[in-house]
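Naming convention: chains lettered A, B, ... in sequence-line order (proteins, then strands); numbering from 1 in each chain.
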Protein chains: 2
Amino acid sequence: MAPTIYDIAREAKVGIGTVSRVFNNHPSVSDETRKRVMRVATRMNYHPHPLARGLAQRRTNAILVFVPFFTSFFFVEILEAVQSTLSEVDCDLILHGITHPDHAEISLRRNSFRGRVDGILFFSMRMPEEFAAEYAHLRVPVVLVDTHDDRFDSFSVQNVHGGMGATEHLIRQGHTRIGMLNASLDSPPARERLAGFRQAMRDARLPLREEWILSSPSGPLDGFTKQSGQALMKQLLSLPRHDRPSALVVSSDIQAIGALQELGQSGLRCPDDIAVTGFDDIEIAAHFNLTTIRQPMSEMGALAARRLLERMKDPEIPVVQKTFEPELIVRGTTAVPPVKSTRQSRRA
Amino acid sequence: MAPTIYDIAREAKVGIGTVSRVFNNHPSVSDETRKRVMRVATRMNYHPHPLARGLAQRRTNAILVFVPFFTSFFFVEILEAVQSTLSEVDCDLILHGITHPDHAEISLRRNSFRGRVDGILFFSMRMPEEFAAEYAHLRVPVVLVDTHDDRFDSFSVQNVHGGMGATEHLIRQGHTRIGMLNASLDSPPARERLAGFRQAMRDARLPLREEWILSSPSGPLDGFTKQSGQALMKQLLSLPRHDRPSALVVSSDIQAIGALQELGQSGLRCPDDIAVTGFDDIEIAAHFNLTTIRQPMSEMGALAARRLLERMKDPEIPVVQKTFEPELIVRGTTAVPPVKSTRQSRRA
DNA sequence: TAATTTTGTGGAAGCCCTTCCACGAAAACT
DNA sequence: AGTTTTCGTGGAAGGGCTTCCACAAAATTA
């Protein structure tokens with residue numbers, strides 16, 4: 001069997017405490033002893049048992065990450081950032097990919113209570129109240145990203161500004177007849193993006209045409225789907241030609257892509273007939289040449305992970321709520337009509 | 001603090017052994033006692049400590065998954081499949097996303113030795129020999145996916161057949177002047193795909209023009225990158241116009257996309273000037289309308305996870321090497337020139 | 001030189017479980 | 001009736017570590 005600390009102690013002719021101290025970089029071990037222990041440990045291929053260590057130290061060196069699998073696009077980027085931050089402190093990442101928001105609860109219940117992990121990183125979903133209350137009360141280190149709760153640190157993007165930014169961009173392009181295709185209003189981000197849109201329109205004294213402001217019904221993924229985008233666009237195109245907007249703010253890239261497809265199938269062109277903006281800047285947005293609002297997912301992931309580590313060190317630090325400014329990424333779907341964009345040459 | 005088994009035993013007026021038995025569904029506990037213990041446990045919100053349990057049972061209920069982040073495209077799909085399989089048995093997934101193949105070694109060294117996990121799932125990378133030997137010797141349950149080693153169970157796609165399939169498809173389309181843009185020959189899959197290409201060409205008695213068979217130099221990701229595809233295409237296009245192939249088998253989608261971009265920038269059209277096939281069927285392949293060879297990643301992930309669980313139950317079961325037949329997905333980049341494909345309408 | 005402080009070390013106790021052995025009571029047998 | 005088997009249970013031992021207290025030896029101070 002694998003050697004234990006006792007084996008090393010015996011071989012190196014020291015006490016077990018000393019071996020432990022060597023492996024924890026405790027200062028009060030003489031250089032000579034330390035070297036001797038290390039030599040024996042290397043020879044015997046000794047590695048401290050993580051579970052035993054965790055049990056004794058009352059920590060696990062692992063955090064639980066809840067990500068929705070269905071937002072597969074940024075989530076890779078996020079995970080990458082999170083992991084690279086965690087690896088600096090040798091902390092494991094236990095992944096719980098949630099395929100349906102309701103599963104989050106089950107997943108939380110089964111895991112996470114006591115000692116399994118030292119902290120939780122929770123992405124893009126609302127944490128069920130039962131757990132939120134429990135965690136807040138027990139001071140379990142929890143950090144939220146792309147979602148919000150007063151009781152926990154949270155990192156999210158300024159959705160209102162994003163909605164405004166997209167709208168203002170279209171206005172600057174000369175559009176005055178602007179509509180919005182939104183996800184379900186059940187989703188806080190969707191509501192915020194809509195608020196930004198309305199605000200920008202009001203600020204520019206442009207008319208808000210309610211029949212141009214369409215939202216998904218509540219449904220899977222709160223309507224952040226290609227199907228939803230396609231359906232909403234179809235609904236919009238049922239309006240008579242002369243009574244359509246010339247530009248649309250869409251509440252997510254994935255919906256925008258659905259909308260673009262519908263547009264294409266109706267023989268309409270983007271941006272010539274209708275300009276479109278997305279939201280998120282997911283990987284394929286660039287390939288669709290989609291103007292969009294970028295969320296700094298990677299940055300948010302890294303900062304959130306770092307924050308979680310701090311909170312694990314000291315659970316009493318005050319809660320912070322940080323918001324990020326989204327960034328407008330201008331591409332072909334909002335090119336000013338007269339100027340021919342270069343996207344024509346970029347096809348496969 | 002959180003209640004322990006002792007607290008429950010005291011409250012329920014039973015011994016600790018009994019409490020433990022209740023939580024492990026041990027049969028020899030009377031119904032009455034079981035109920036009483038459960039009632040107390042629920043009231044006190046008791047949950048067994050996973051680390052203590054792991055230490056005592058000598059297992060962790062966790063497996064380590066190594067995935068290359070750089071293949072971000074399928075990896076989401078894989079993880080989803082793996083996790084859904086694991087969740088059936090309440091096993092945790094510790095994720096090690098590798099950003100660079102060399103990191104795998106560091107990651108393996110730090111983790112995985114002894115008790116941290118019960119098994120390892122290793123994707124798409126060659127396992128460093130040092131560990132392979134160690135694991136094989138110690139009978140650590142290891143399952144490989146999209147990579148191969150005689151000492152471990154492995155699940156991978158028939159790359160040779162994939163290469164042949166792509167080539168044969170082009171031949172059926174009427175192409176006779178066919179080349180290949182390959183990743184680095186350091187990579188076994190790259191070599192196998194090339195072998196398939198050569199085989200198909202030989203079978204069809206078509207000439208193999210070595211100057212049309214280009215491979216990436218060894219480098220980052222073994223040349224499975226957009227940059228590599230772009231560079232190889234550029235190199236190919238440096239041939240005089242009349243001396244170019246009319247179709248190219250490319251060893252991965254990501255390279256194919258790079259190649260297509262280069263093609264576009266040179267004012268050439270696909271498939272009219274040069275037809276292209278990819279490999280993998282990553283998410284964006286569909287958006288590029290890329291004909292490709294699909295790997296059943298999700299299926300492989302699920303089967304691999306299941307196999308790992310079996311091996312964890314019984315490490316002595318014989319090693320199996322399963323290969324999957326890849327599937328040809330025909331799209332626009334190999335459309336027969338005369339027939340106008342529908343992809344023209346599908347743009348944004 | 002004696003008294004004090006510092007340095008390095010050993011190992012018991014404790015972290016929270018599981019598992020096994022022992023044992024009394026009840027049930028099933030002579 | 002006594003004897004054997006079964007059932008349900010208690011709790012010690014053990015899993016491999018950390019941490020703290022005690023203590024001897026060495027270094028410092030008076």
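- When distances are taken from the side chain of A56(A) to each of dC17(D), dC17(C), dG10(C), the shortest belongs to dC17(D).
- Taking the six-membered ring for Trp, F152(A) and F122(A) have ring centres at least 6.0 Å apart.
- The distance from atom CD1 of I16(A) to atom C1' of dC21(D) is 14 Å, rounded to the nearest whole Å.
- At whole-Å resolution of the value, NE2 in H49(A) and C1' in dC17(C) are 13 Å apart.
- Comment: R126(B) does not engage D149(B) in a salt bridge, judged by the lack of any side-chain N to carboxylate O separation of less than 4.0 angstrom.
- Listed candidates were dC17(D), dT18(C), dT19(D). Nearest to the side chain of T4(A) is dC17(D).
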I'd like to know whether I120(B) forms a side-chain contact (heavy atoms from CB on, under 4.5 Å) with F131(B), so could you lay out the CA-CA distance, the side-chain angles of the two residues, the decisive distance to 0.1 Å, and finally the verdict.
CA-CA 12 Å; I120(B) 299 178; F131(B) 295 92; over 6 Å; no

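- Atom pair R116(A):CZ and dC15(C):P shows a separation of 21 Å (rounding to whole Å applied).
- Straight-line distance from the CG atom of N24(A) to the C1' atom of dC17(D): 9 Å, rounded to whole Å.
- The distance between atom CD1 of I8(B) and atom P of dT18(C), rounded to the nearest whole Å, is 13 Å.
- Of the residues listed (L108(A), V142(A), L144(A), I94(A)), the one engaging F66(A) in a side-chain contact (heavy atoms from CB on, under 4.5 Å) is L108(A), and it is the only one.
- Look at K313(B) and E310(B) and you find no salt bridge, because none of the NZ, NE, NH1 or NH2 atoms lies under 4.0 Å from a carboxylate O.
- Take the nearest nucleotide of DNA chain C for T33(A) and for Y6(A): the residue whose nucleotide is more 5' is T33(A).
- Overall, the helix from dT1(C)-dA30(D) to dT30(C)-dA1(D) carries an axis bend of 40° between its ends, with five pairs at each end and the value rounded to 10°.
- Comparing dG10(D), dT9(D), dC17(D) against the side chain of V14(B) picks out dG10(D) as the nearest.
- Atom-to-atom distance recorded for D92(B):CG and S87(B):OG is 10.5 Å, nearest 0.5 angstrom.
- Distances were taken from every side-chain heavy atom of Y46(B) (C-beta onward) to each of dG11(D), dT9(C), dC17(C); the shortest belongs to dC17(C).
- Distances shorter than 4.0 Å separate none of the side-chain N or O atoms of T18(A) from OP1 or OP2 on dG8(C).
- Nearest-nucleotide mapping onto DNA chain D: of V19(B) and A52(B), the residue sitting toward the 5' end is V19(B).
- At a threshold of 4.5 Å between non-hydrogen side-chain atoms, the residues R53(A) and R59(A) do not count as touching.
- One interatomic measurement links the two molecules: CG of L51(A) to P of dC17(C), which rounds to 13 Å at whole-angstrom precision.
- If you take CZ of R59(A) and P of dC16(C), they are 16 Å apart, rounded to a whole angstrom.
- Note on R58(A): every side-chain N or O is 4.0 Å or more away from OP1 and OP2 of dC15(C).
- Checking L55(B) against G17(B), the closest nucleotide of DNA chain C that is more toward the 5' end is the one next to L55(B).
- Taking atom NE2 of H26(B) as the reference point, atom C1' of dC20(C) lies 10 Å away to the nearest angstrom.
- Ion pairing between a basic and an acidic side chain is recognised when a charged N comes within 4.0 Å of a carboxylate O; R36(B) and E11(B) show no such pairing.
- Using a 4.0 Å cut-off, no side-chain N or O of S20(B) falls inside it from OP1 or OP2 of dC17(C).
- In this structure, the nucleotide among dG10(C), dT18(D), dG10(D) sitting nearest to the side chain of I5(A) is dT18(D).
- Within the 4.0 Å cut-off from OP1 or OP2 of dG8(D), not a single side-chain nitrogen or oxygen of S28(B) is found.
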